[in-house]
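Presented below is the structure to which this report refers.
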Amino acid sequence: MDQICALSQIGTSIANGIAKAYNHAHHGYYKRHLDENLRVNHHCGEHLYLFYNATKAYSFEDFSDHFVEFKNYCPEATFFLKHDLDFEKWSSMMITNIVESVNAMLIDEREYPVESIFNSIAKRFGEIFRERRAYILKCKDNKFVPATEKILRDNMSEGDSFYMENISREERQYTMFRNGYTTKVDLLKRSCFCRKFNLVKIPYDNAMAALRLKHDEDYGLRVYDYSSPLYKVEEYLLAYLKSINLVPLESE
């Protein structure tokens with residue numbers, strides 16, 4: 001149960017119910033509902049962009065900067081976010097639009113009987129699985145799925161403009177100098193000071209600069225070794241391998 005993540009509207013009863021039934025699950029809130037709450041109840045619509053900047057921050061420093069600025073304009077809203085909801089339920093990567101996307105797919109089905117709703121969900125996801133399988137099969141000669149391949153190419157292009165040094169003379173730690181500040185990359189730990197490498201599990205621009213310094217002309221081939229295998233084509237095919245079958249209704 002520790003791999004379950006529940007996303008819901010803001011509500012004490014919902015939070016308590018999830019904690020009681022799935023005490024190891026993570027519970028987060030919809031970004032859209034938080035947006036509405038902050039806009040209507042705390043009257044801070046003009047400064048909501050600072051809230052969104054905070055939710056998208058990768059590093060603790062960036063998050064703190066955005067949140068403090070938001071606090072300067074909307075102190076009551078930030079008190080609510082910090083003390084009533086807890087940071088972990090809405091900050092950083094835990095806020096997602098996946099559930100909202102599913103809700104948008106099933107607008108008409110909400111009026112169906114419960115059994116029919118579940119079958120509609122199963123049917124829709126079965127169609128998505130088949131579409132994803134067909135799409136990935138067209139790219140089976142690639143190492144990674146097309147979206148990840150594009151991200152890697154873009155990151156390589158961005159990283160080519162950075163200046164990187166191996167100050168420690170180790171094979172794993174590199175220091176990058178960029179626009180007046182420095183950042184560190186640890187290739188062994190797959191980590192970077194900006195935390196993008198840590199969280200997304202593929203080399204971002206800083207890490208690309210370190211890989212270029214370490215592997216020289218071959219670094220374009222080595223970027224796959226420093227990326228999560230979850231992005232591999234074969235992993236995606238395995239994820240969408242099984243079929244989703246409908247459950248016959250009792251009346252049938």
Check whether [X] and [Y] end up in the same hydrophobic cluster, where Ile, Leu, Val, Met, Phe, Trp and Tyr are linked by side-chain heavy atoms less than 4.5 Å apart.
X	Y	answer
Ile136	Ile128	yes
Leu48	Val68	no
Phe193	Leu213	no
Ile117	Phe125	yes

Side-chain ([X]) to main-chain ([Y]) donor-acceptor, under 3.5 angstrom:
X	Y	result
Asp186	Lys189	yes
Asp205	Met156	no
Thr78	Cys74	yes
Thr148	Phe144	no
Asn155	Met208	no

When you look at [atom1] of [X], are more than 12 heavy atoms from neighbouring residues, nucleotides or ligands closer to it than 6.0 Å?
X	atom1	result
Tyr52	OH	yes
Glu36	CD	yes
Lys71	NZ	no
Phe118	CZ	no

Requested in this report: Start with the C-alpha gap between Cys139 and Asn142, add the side-chain angles, then the distance that decides, and say whether side-chain contact (heavy atoms from CB on, under 4.5 Å) holds.
Outcome: CA-CA 6 Å; Cys139 314; Asn142 296 347; 3.9 Å; yes
Query raised in the report: What is the ring orientation for Phe79 with His83, classed by angle as parallel under 30°, tilted 30 to 60°, or perpendicular over 60°?
Result: tilted
Any [X] side-chain heavy atom under 4.5 Å of [Y] side chain:
X	Y	value
Phe51	Leu81	yes
Leu152	Ser227	yes
Phe70	His47	yes
Lys232	Pro229	yes
Thr183	Thr175	no

Closest non-hydrogen atom pair, [X] against [Y]:
X	Y	answer
Arg222	His215	NH1-CE1, 3.1 Å
Tyr204	Lys196	CD2-CD, 3.6 Å
Ala239	Phe129	O-CE2, 3.7 Å
Gly159	Ala209	O-CB, 3.7 Å

Distance, nearest 0.5 Å, that separates [atom1] of [X] from [atom2] of [Y]:
X	Y	atom1	atom2	result
Tyr135	Leu137	OH	CG	12.0 Å
Lys184	Tyr174	NZ	OH	13.5 Å
Asp62	Arg195	CG	CZ	10.5 Å
Asn206	Cys192	CG	SG	4.0 Å
Tyr73	Glu46	OH	CD	8.5 Å
Ile121	Ser116	CD1	OG	11.0 Å

Query raised in the report: Should Tyr226 and Arg190 be marked as a side-chain contact (heavy atoms from CB on, under 4.5 Å) after you check the CA-CA gap, both sets of side-chain angles, and the distance that decides it?
Result: CA-CA 7 Å; Tyr226 293 87; Arg190 309 290 197 270; 3.5 Å; yes
**Report entry** Flag for Tyr240-Arg132: side-chain donor and acceptor within less than 3.5 Å
**Finding:** yes
**Report entry** Between Tyr49 and His66: side-chain donor-acceptor atoms closer than 3.5 Å
**Finding:** no
Report task. Decide yes or no on side-chain contact (heavy atoms from CB on, under 4.5 Å) for Leu187 and Leu211, but give the supporting numbers first. Result -> CA-CA 8 Å; Leu187 293 177; Leu211 289 173; 3.8 Å; yes
Report task. Would you check, one step at a time, whether the test ring pair (Phe, Tyr, Trp, His ring centres under 6.0 Å) holds for Phe80 with His42? Result -> CA-CA 9 Å; Phe80 166 72; His42 298 280; 5.1 Å; yes
Query raised in the report: Does Asp216 pair with Arg212 as a salt bridge, N-O distance under 4.0 Å?
Result: no
Requested in this report: Report the C-alpha separation of Leu50 and Asn72 in whole Å, then their side-chain angles, then the decisive distance to 0.1 Å, and conclude whether the side-chain contact (heavy atoms from CB on, under 4.5 Å) test is met.
Outcome: CA-CA 11 Å; Leu50 295 170; Asn72 292 336; over 6 Å; no
